[in-house]
Each structure stands twice: as C-alpha cells, then as structure tokens.
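A short write-up of the structure that comes next.
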Amino acid sequence: MREITLSQAVNEALAEEMRRDETVFIIGEDVAEAGTPFKVLSGLVEEFGTGRVVDTPIAEPGFMGLAVGAAMTGTRPVVDLMFGDFIYLVMDQLCNQAAKTHYMSGGKLNVPLVLRTNLGATRRSAAQHSQSLHALVAHIPGLKVALPSSAYEAKGLMKTAIRDNNPVVIFEDKLMYNDKAPVPEEEFLIPFGEANIKREGSDITLIGTSSMVQVCEAAADILEKEGISAEVIDPRTIVPLDEEALLKSAKKTSRVIVVDEGHQSYGITGEIAGRINEKAFYHLDAPVLRMGAMDVPVPFTPALEDLTVPTPETVAENARRLMSGEMIHAA
Amino acid sequence: MREITLSQAVNEALAEEMRRDETVFIIGEDVAEAGTPFKVLSGLVEEFGTGRVVDTPIAEPGFMGLAVGAAMTGTRPVVDLMFGDFIYLVMDQLCNQAAKTHYMSGGKLNVPLVLRTNLGATRRSAAQHSQSLHALVAHIPGLKVALPSSAYEAKGLMKTAIRDNNPVVIFEDKLMYNDKAPVPEEEFLIPFGEANIKREGSDITLIGTSSMVQVCEAAADILEKEGISAEVIDPRTIVPLDEEALLKSAKKTSRVIVVDEGHQSYGITGEIAGRINEKAFYHLDAPVLRMGAMDVPVPFTPALEDLTVPTPETVAENARRLMSGEMIHAA
Amino acid sequence: MSPAKKQSNAEDYMRMYRQMVRIRAFEDNANQLYLSAKMPGLTHMYSGEEAVAVGICEALRTTDKITSTHRGHGHCVAKGAEFKEMFCELLGKEEGYCRGKGGSMHIADQSNGNLGANAIVGGSMGIATGSAFTAKMLGKDDVTVCFFGDGATAQGLMYEVMNMAALWNLPVIYACENNGYSEYTRTDEIAAGSITGRAEAFGIEAFQVDGQDVLAVNDLAQKLAERCRKGEGPFFMELMTYRYHGHHVGDINREYYRSKEEERDWKENRDPIIRFRGWLVEQGIASEDEIEAMNATIKDEAAAAVEYALQAKYPDASEVDMHVFTDVKHALA
Amino acid sequence: MSPAKKQSNAEDYMRMYRQMVRIRAFEDNANQLYLSAKMPGLTHMYSGEEAVAVGICEALRTTDKITSTHRGHGHCVAKGAEFKEMFCELLGKEEGYCRGKGGSMHIADQSNGNLGANAIVGGSMGIATGSAFTAKMLGKDDVTVCFFGDGATAQGLMYEVMNMAALWNLPVIYACENNGYSEYTRTDEIAAGSITGRAEAFGIEAFQVDGQDVLAVNDLAQKLAERCRKGEGPFFMELMTYRYHGHHVGDINREYYRSKEEERDWKENRDPIIRFRGWLVEQGIASEDEIEAMNATIKDEAAAAVEYALQAKYPDASEVDMHVFTDVKHALA
Ligand SMILES: Cc1ncc(C[n+]2csc(CCOP(=O)(O)OP(=O)(O)O)c2C)c(N)n1
Ligand SMILES: Cc1ncc(C[n+]2csc(CCOP(=O)(O)OP(=O)(O)O)c2C)c(N)n1
Ligand SMILES: [Mg+2]
Ligand SMILES: [Mg+2]
C-alpha cells in the first residue's frame, strides 16, 4: 500500500469531504495561502477558494463561536486551532455552546462541527505550545473526542468526524505530521468507538493514545526480547470509548498499563484505569498502572522536557514491575 | 460553638484577611453594593470601600487576566466568578498564565491569587449555570483546588487560600450558602492537603467532595441502620490530595466508593479511584466504585435534573452492592 | 405619513401592537408563576422592552434568524412562538419548545428562526455571526439579528466577531438593548466611551434609536435588513430602553441601585405599548374598543396556555440521556 | 532643538542608539544559533522594530513594568536585560533568566520590571492592566507598558481590559507594534476599521507614530508616561514598523505573502538604526568613529555571551518538578 504522511492524510480527508459536501468549510488562522504553520492544508485554498478555506483574525473565541452558529444553520465547519494549548480560549463556545445545544434544545438544533487541533510535547515549544489537553474536552458531555495515532487513523477518523452530526474534537500529534504510514487509496472511514488492536499479546496490555501508541509498540518490542508478550491497544476515540475491547484485553492478560501524553493527574488515564479496575477487577493480577505526562508545566529546556513524557523505556520498565509482582510488596 | 452559614463563613474569612493584609482585594461582577447575587459579600464594600471591593464589567477573561497581573506585582486578588460555569471563559488566563508563570519564570514570578467560584446542580438553573467543573482545573499543574464541604471548611480553606503564594481555585456549593455549621469565633486555618475523617467506620469508605460529603454522611446513616459501618472522608483539597489518608482508610475497610458532583467520565473520581486501586490494590475486596454526575448536560426540568446527581439512596445502594459481593459476578 | 401608506400598513401596525401586548401578557403570567412558586428556577422579565423585539422581528422574515439572551421571552414571542409551547418550556414540560430541557434561559424555536436564548452573557454573538456566515456562504439572503444587552458589550467576543463580520460583510445586525443596567450596576459604571463608537471603529455603521418607539425601531430595522440582504451588512443598533421588573423575578428590593421615581417615569411616560396604542387611536387605525377587545383576547389566550402548561406532563425519566448526541438514542445505554 | 538641550540629552541619545544596536546584535546571533542548529525550538526576530522597544523603554524607569510578546527579545534588552542571561535562556541553560524553563517565548526579567514574554497572542494584556491596577491600588507612580502586535488587536481580551483601564484611569500604555503582518497575513486582511479608533471608542487617547523614528517614539512615550503618573492614563500608541525576518526564524520563503521589494524598501530607506545614526552624526552628537567603536564593542559582547551560553550547563534533572508551586520544593516528591 502507498505510504503518506499524517499531514497528507489529513489534507486528503478534508479535500475528499469538501468535494463530497459543499457545506464543509475550513476556518482558522493562516489556513489559506499559508496552509497552516505545519503546512497541513497546503493546496486546499487553491482547489476550494477563500470562501471555503477561510483565514481569520487571531480571535479563537470569535471564530469558534462563529463556527457554532454556522453549524447550527446548515454548514459543516472544520475549525482549525493552531495549537492545542489555545483550546482554553475556546472552551466557552465549545463546552457551553456547541456541546450543549442539541440537548438544551430538546434535540431540535444540531452542531455538526469539527475542531481540529493538536497535542504533544518535546518540540521545545515551552509551556504554552506543548500541552495535551484532550482530558478537558473528554469530560464534557456532548463532545466526541478522537486521537489519531497514525496517518491511517488521521484520515479515517477525520472523515468520520466531518460526517458526524455532533461536535467532534480531533487532536493530532504535532510531532507526527511527517510520519508516514500505509493509507489505502480507496475511500474509507473509521467508525468512532472502535478500538484497534495494534499488536496481539498475552502477558500484559498496553493501552496507548495518539503518539503513545508508537511508544507502546516500541515498549512491546523491548519486552518481546525479554520474553514478555505485550498486547497494544489504541482506543482511537476516547468519547465514545470502546470499553468492551479494553476490558476483553484486560481480562485476557490480567495486567494493564494506560499510557497517555496528557498530564497524569485528573487526566484520561484515571478514567480508563478506573473503568478497567471496576469492571475487570477480579481478573486482574495487579493494579492497572497509569502513565501520563508529568504534572508540571512543560519546560522549555530539552534537559528537562524529555523527562516529562512516557518513553518506550519507562513503559517497559513499568511493565516489568507489573510482571514481577513487585507491586504486591509496594502496596 | 456558634453556628453560621457557609455564606457568612466566606464573608468572615474575606473580611479577616482583608483586615490583616491590605494588599488583598476582591474583584468581580456585582461584588460591591449588591454583594453578589448570592449576597455572600454583603457588607464588605461598606468596610473596605470600592477600591478593594471592585465591581467589574461583564468581562471574565479581562478581570481574570487583570488579577494575574495584579498578583504578579504585589497584591493578592480574590477573583469572584459568579458561576462556576463561567470558568470556561477564564481558562486561558487561569491555565496558560496564572498556573504556569511561576514555573516558566524559573521561580522568579509569583501569582498569589484566589479564584472563588461555585458548583452544584439541582437549582433548576439549566445546563449553563449548574456545572461542577473542578476536574478541569485540577488537571492543570500549578493550580491548587479546594472544595469546602461546610461553613467550617469554607472559612478555614479560604483563609489558607488567600495566604497561599500560588493560584488557588475554590469551588463553593451554591446550594449550601444558607447551610449552617459550627464555626469557632477564634481565628483558624485549614491546611491544604489534609483530608478530614468526617465519620469513622470499618466496613466501607465513602470519599465525598463538597456537598457530596453530606450525601455520603446521609448514606452512612442509612447503612448504619442496616448494620454497615461506613467511614466518610472529605479530601477538602483535591490539589494537593491527601493520598495517604485515603489509602489508609481504603486499606482499613477494603471497600471504597468515591462520590463527586462533577461529570463522572474523565472527572475526579477516576483519579482518586485510580490512585487507590494502584496503591491499595492488594488490600481491596472489591473494585473502587465511582459515582459522579451523569454524563449529560444538566437538564432544566426538575423531572430530569434530580436524576443526574448522586443521592444518599444511590450511594447506599452501591455500598450494599459492594458489601454483598455482587460485583464479583458482575465483573 | 400619507393616509394611503397608513391604510396599507394598518395590518402591520396592529400586528406589532398585538405582539407587544402578547409579550407583556406572557411576562405577567411568568412572573405570577414564579411568585406563586409554580415555576422552577428564576427568570428574567422583558416587560418594558417590547418595542425592541417587536420593532425588529416584524422587519424580519420567518427564515431570518435571531439569537437571544437570558431575557429572551420577548424575542421568542416576537419571532413567532406560541404561548403553549413557551409556558410548557418554562415549567419543564415535555411539550415545551425544548422538551423542558432548556427552560427559560435556553428557549429556542428553530421553526421560526430563533436559535435560542443563552445563559452566557454575550454567548450568542459568535452564533449570530456564524448564522450570517452560513447565509453568505450558501448564497441565501437571510438576515440574522443578534440581541444582547448593554452589559454584554463588555465581553471581548463582541469585538472579535464584529471584526470578522465587518471584514467579510456578513448580513448580521447587532442589536444592543441598552436598558441602563446590567444586573445591579448602571451602564455608565461598566461601559467607557461610546457603545456605538465601538462598532464604528470597526467600520460598522451604527445607530442609536429610541427603543420605546416601535415605529422608529421598525423603520430602522427594515432599512438595515434590506441593506443586509444586498450585502451591505453588518450593522449595529443601540436601542435605548428600560426593564420594568428587577434583573430577575426575585430581584424585588431595588432601591439600592435604582430609584422608584426612575421606574415610575419610564412606566408612566415612556411605555411602548401605551404610546403606540395612543398613536393607533389618534391615527384612526384602531378604536379604543377594538384595542380593548384585542387585549382581552390575548389575556385569555395566555391564561389558557398557562392552565394547559400546568397540567401538561413532564418528560419521562428515560429522556435524561437522550439528545446528548444526535444519532445516539441513549448516550448512557 | 536648542544646542543646550541637545547637549544635555547626548547621553540619552547615545544610550538609545546603543540599545538599538544591542537588540540587532542579539537577534543576529540568535538567528545564527537557530540556523546552525544550536538553539532548541524556534524564535521570533525583532530586527527592524528596535526603535519601538527602545524609544518606549528609555522613557521608563526600572520600577516601571512592561509585558512582552512572542517577539520579545527587543523588549527584554530595552528594559535592561543582560546578554548572558538572555542567551542562556534561549539555549535552555540554568543561568538563563528563567533557568531555561521559559525559553525565548517566556523570557522574563523581573529585576528590571519585565513581566515576561508571552506565547499567547494578546495573552499579556490582562497582566499589564493588572500591573497598572496594583500601582493605582498601592499608590505607587509606576507605569506599565503593554507591548503587542497588530494581530493581537483581534483578541477580545484587549477590549475587555481597555474598558476597565478607561473606567478606572489606570496608568497603562497599550503599545501596538503594527508591523503590517500577523504571521503570513497582511494587517488589512485581519483588521477592519481603525486600530486607534478602537481605543478612542473607549474614551482612550490614541496616537499613531512612526515606529522607525526612535526620537518620535521616545518623545511621545515620555509625555504619556508622565501623564500616566499624574493619573491621566490609560493611553494607546500605534507604532508603524516592520519586521525584517520572517514570522519566525524558520520562515525563509516569504514571497507568497510579501515581496522582496517591500522588505528591501524598509531595510534600506527606513532602518531605525541607520536613520538615528545619521542624525547623531549630523547633529555632532557622535562621530562616525565613535559609533563604529560602539558597534564593534557590542558585537564582541554579544559573541562572548553566546560563547558563554553555549558552554553553560543545563539545569539538573531534579529541577523538573521545582517551581510548579512556590513554597513547595518538589511538586512530585
Ligand atoms: C458570562 C456571564 N457572566 C455573568 C453572567 C451573570 N449575568 C446574567 S445577566 C447579567 C447582566 C446582563 O446585563 P445586560 O447584558 O445589560 O442584559 P440585561 O439583563 O440588562 O437585559 C449578568 C452579569 C452570565 N450569565 N454570563
Ligand atoms: C492565542 C494565539 N493564537 C495564535 C497564535 C499563533 N501566533 C503566534 S504569533 C502570531 C501572529 C501575531 O501577530 P502580531 O500580533 O501582529 O505580532 P507579530 O508577530 O507581527 O509581532 C500568531 C497567529 C498564538 N501564539 N496565540
Ligand atoms: Mg442591560
Ligand atoms: Mg504584526
């Protein structure tokens, strides 16, 4: 199969859906001629014009609100938020308006919009350009949340998001824009709420989101050499969450680590671990371990930044702890 | 001991700290003559004047940002956010600025501010005036988060918050403003990070936050009649979290329910349950159960709203499930 | 005005009058429901401001859109809503416009182009601008009116969306209902400079108009709506008006922030309904009797709707997790 | 200007010149560090805009405050910072102003009143206003200057805080550096109406000034700072200027959004350093030789600071959870 970058995958998804449905448009800062700072949208304005690839002033709350109103009246906006860290600026429009409109109106008004943004540290971009804030929106009923882990998912989930009649937030990992993966030429969609078993294994389950799927796979490679067979699962969407698939794997292996790049405390690992603990408790040989980003603002200096996120080595190390039964003594 | 309302307790804490330290001031909408819509601040403007009890225009991001700058330069603002639901509007100033300034400046700049706001549903105020959004800020490193559960805590935690040199967010339950509790006349502070054992018990631990402490106590009453002895613990602050006290109780009783009024999914119950599962796993006879508000926008109609939050009955019901061992078969 | 024009417009005038009286009747009943503890929660009365909603909405078509505020009953009635579904909504009943899930602060009526009240002050400014964006993008000639209060002009969102509306010539009218107060604070204490000047600084034509004069409001709204349809938007209107009740129904003792004399002056000397009624009679468009008859009918209709709503049923418990997502029947199933 | 005034001001002029050259030297080195892959991340060059930062900061005292932007090196130097600590910060070293934890986009120097650069466009507008609030509340006569770009005028926060600053007469100067672009977009595509007009609509006196003329900038800044100290603030300045480099150091191919001719015109005909240098010589305040000597010294100082920073050590791993909270040594211990 041909390989394309995550960037190209997103671009293709948008182009295909914009061709298919003329109510789809993109709105955000420097999305048109510049094609975003990450160049993800290059070429789209040439095909669809500035009427559908709309450069905005630097006014995130404003264009987010505008998109909500546009979505309520018959279009399908894809809002481009340049950095995931700016999601704080759009929280009111996203969480008080977009997320609640369908419910508050008793089902009469719909808000079919996509907010595409990114996450991920270790780019030396410091505390305000490195956050992974998907936990914030996952907590708010009414929003769906997708976390693509490769070009393949990026394309399939984006197309599904655009066709969804609810507000959807997609976080791309900004360090993965140039990563290539096999992506079919033919059209495909990835349904929400279906986890993907990236790799089968029998001793331990590693649940990873976004770029942490790669990290888990690399950890599984390390562990394999040591005779530990790790299953790697990617939930792909955290709302809806494919609880069934996660539970099935947990019951099979009896040991689970959840790995995510958001801050660990009060983040998404707690929810996933909490559900597995609750619903597979009597199958577990050890507690579900959680690994998120360190609970510190992301430091600029490479000397510190690299310490703040899970790596294949730290995941493997924790897997060994779980396997060894060391936890029993620790607890 | 004399009894005062939660409202009076907050008022006293503010007045005492404003007398003690003339750099403390209050800023927010209708805080002066009106004393807030909940009348919590009545009388303060008369004592401290409009220079220190400052009415603002309806511009939450603006006065939140102003408070950050004021705090950085030598004052101690107490920001009054009329409804916790408006926290979305101040997220950027709170989480990108206040929370990170000390870290980003390598320890050179401080932001000693308090954001006081509220939480709690069942007031028939519908989806945009009924949310309990403490999970959002608990996730962001650099913010401390307090959840007073009675007039006593409201006073002691507020005084500690004002003297803290870091940004602190306090959520008061708006249904509890008129609830009375014994509060000493003498000055006292409640240190952050110290859970309070509201009631000792031996069969099961009920961890409750804010108004859910009352709910847990009422559940404990019900259970007592059935011969089940429930321990009720109030963490009082969720950042920092008194993990030790929670673990100790969990290890003692072997069964835990965590009850909170924020939405259940990706909320704070996952974190607390996750830590207990991880660190007391081999002491638990059953999985830690989590009870949050239903994952739906808060409905206006009383017929539905009351279904969305934990009650003494539903907590007791879950406690019985845990005690009966029914969970084993469910899992 | 020429007699000919006056005659041809008589029907419009009577409809405007009728709609103003309907709003007043709705609010009087809503207030009673609160005072008699029959309504859950609080609500914000529009009484006194009727000429604003009616003057503007009568210049709009059903397909035109509006966004509304926490003080939203007036806009809802003016844009065409029915009493029955409105009272049901206020009482949290299944037959309400939002099945009881929204209540007073979120009442919406998409069949008549009302995109909804909003409990976030300023929260609908983006939505209105986006609705206008849709019209432009899809080549429709719909106009959107964004209602908001003087207090909402302090929200930064307004300047963000006015900038975009101006840059892209969107068919939106920002209608600032300046009733002199935001909650318990006078407008001059929270608004520096000039409100219309702020819109003008973004290159938006702005007008101040007497919000108690329904004809003046309607006249301007008609002109601006037509110009919007021709691509000449956006526009800004500041409507000088007054709310008779407290900020909300529970705000009874108001003397610490505004005087009884001030309230009396507005009610006695500038009431939009009394003024317009006087004009209608004076111009020979309606007789006192005709007007009294109309008033009485409306009163009865309102009372009947209240009665209906009080008896109507609440939504079933199973609805609690419906409509979290469209296309998903029960979110928690 | 009278010869007497000119003489007494000679020292000030030379300091202004020196500071402008220091900024340029800092940026040239920072750019080289990026191009030679010795600097982590990206950074935004201030070259071309030196007269703005210097003209304003030379009108301020050490105790006066500024807030800065993503394009913040110029403000930092102009407010009194040292090369060594600045380069250390850019390279993530322990001796940096923020112990390497902030980097270019968060460089702060509280000892000189610089409350910090900010990576959120418009993010510091509240902070600056709050700093002015402190001065007023505590009865100090400090002035705060809020630097931001033309692009930041689209952020609603600006209007929210200008409103409060105007209502409360806060001693803050909003200094809009209009360099014609926000990222890859021309200002006229993202700003409707008039930028100074927007401030004026809030009752704030606003001025447009040639940002390439350090004397004009300094003159105005001095007047406004004095008036702020007397309680006559706030004020607004729009400084017309230009950035020579791309939006950030990696923005090399710029022709799709601006022409080489335009860039050449600004550099050759309106460079603030060349212009001021010519004036200094013409007025007999400095000779060409003196200026060349000063330039050379600054160049050497910058090179030495870079060398130092390259050798300096990184913070220890144990620092990673320090400074999350003050009063807590290790947040995760
Ligand atoms: C974002 C936000 N802040 C504060 C409030 C509380 N609040 C509700 S109405 C109101 C006053 C609004 O004043 P104005 O816009 O003039 O409208 P009016 O009530 O006068 O019609 C306030 C402060 C709110 N609902 N939303
Ligand atoms: C809230 C926010 N939105 C977007 C960005 C991305 N961004 C960084 S600089 C910039 C352009 C800023 O333009 P301007 O304010 O004119 O400053 P200049 O770069 O021209 O100095 C943008 C869009 C950001 N950092 N913060
Ligand atoms: Mg008002
Ligand atoms: Mg610029």
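Labels below follow one simple rule: chain letters A, B, ... track the order of the sequence lines, proteins then strands, and each chain is numbered from 1. In what follows, every heavy atom counts, from backbone to side chain, and hydrogens, waters and symmetry copies are set aside.
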Heavy-atom cut-off 4.5 Å, strictly under: side chain, backbone, both or neither for C:F325 against chain A?
both

Under a 4.5 Å heavy-atom cut-off, does chain A meet the side chain of C:A128, its backbone, both or neither?
neither

Determine the option with the most heavy-atom pairs under 4.5 angstrom with chain A, choosing from C:T326, C:V324, C:V161.
C:T326

Which one wins on heavy-atom pair count under 4.5 Å against chain A: C:K65, C:E319, C:Q110?
C:Q110

Residue part contacting chain C, namely of [X], when any heavy atom lies under 4.5 Å:
X: A:D92; value: side chain
X: A:V54; value: side chain
X: A:K100; value: neither
X: A:T23; value: both
X: A:I27; value: side chain
X: A:V168; value: neither

Identify which of A:M72, A:Q97, A:E22 forms the greatest number of heavy-atom pairs closer than 4.5 Å to chain C.
A:Q97

Count the heavy-atom pairs under 4.5 Å between each of A:I58, A:N165, A:V68 and chain C, then report the option with the highest count.
A:N165

Student check: side-chain heavy atoms of C:L157 and A:Q93 closer than 4.5 Å:
yes

Validation row: A:Y103, C:D321 side chains within 4.5 angstrom (heavy atoms)
no

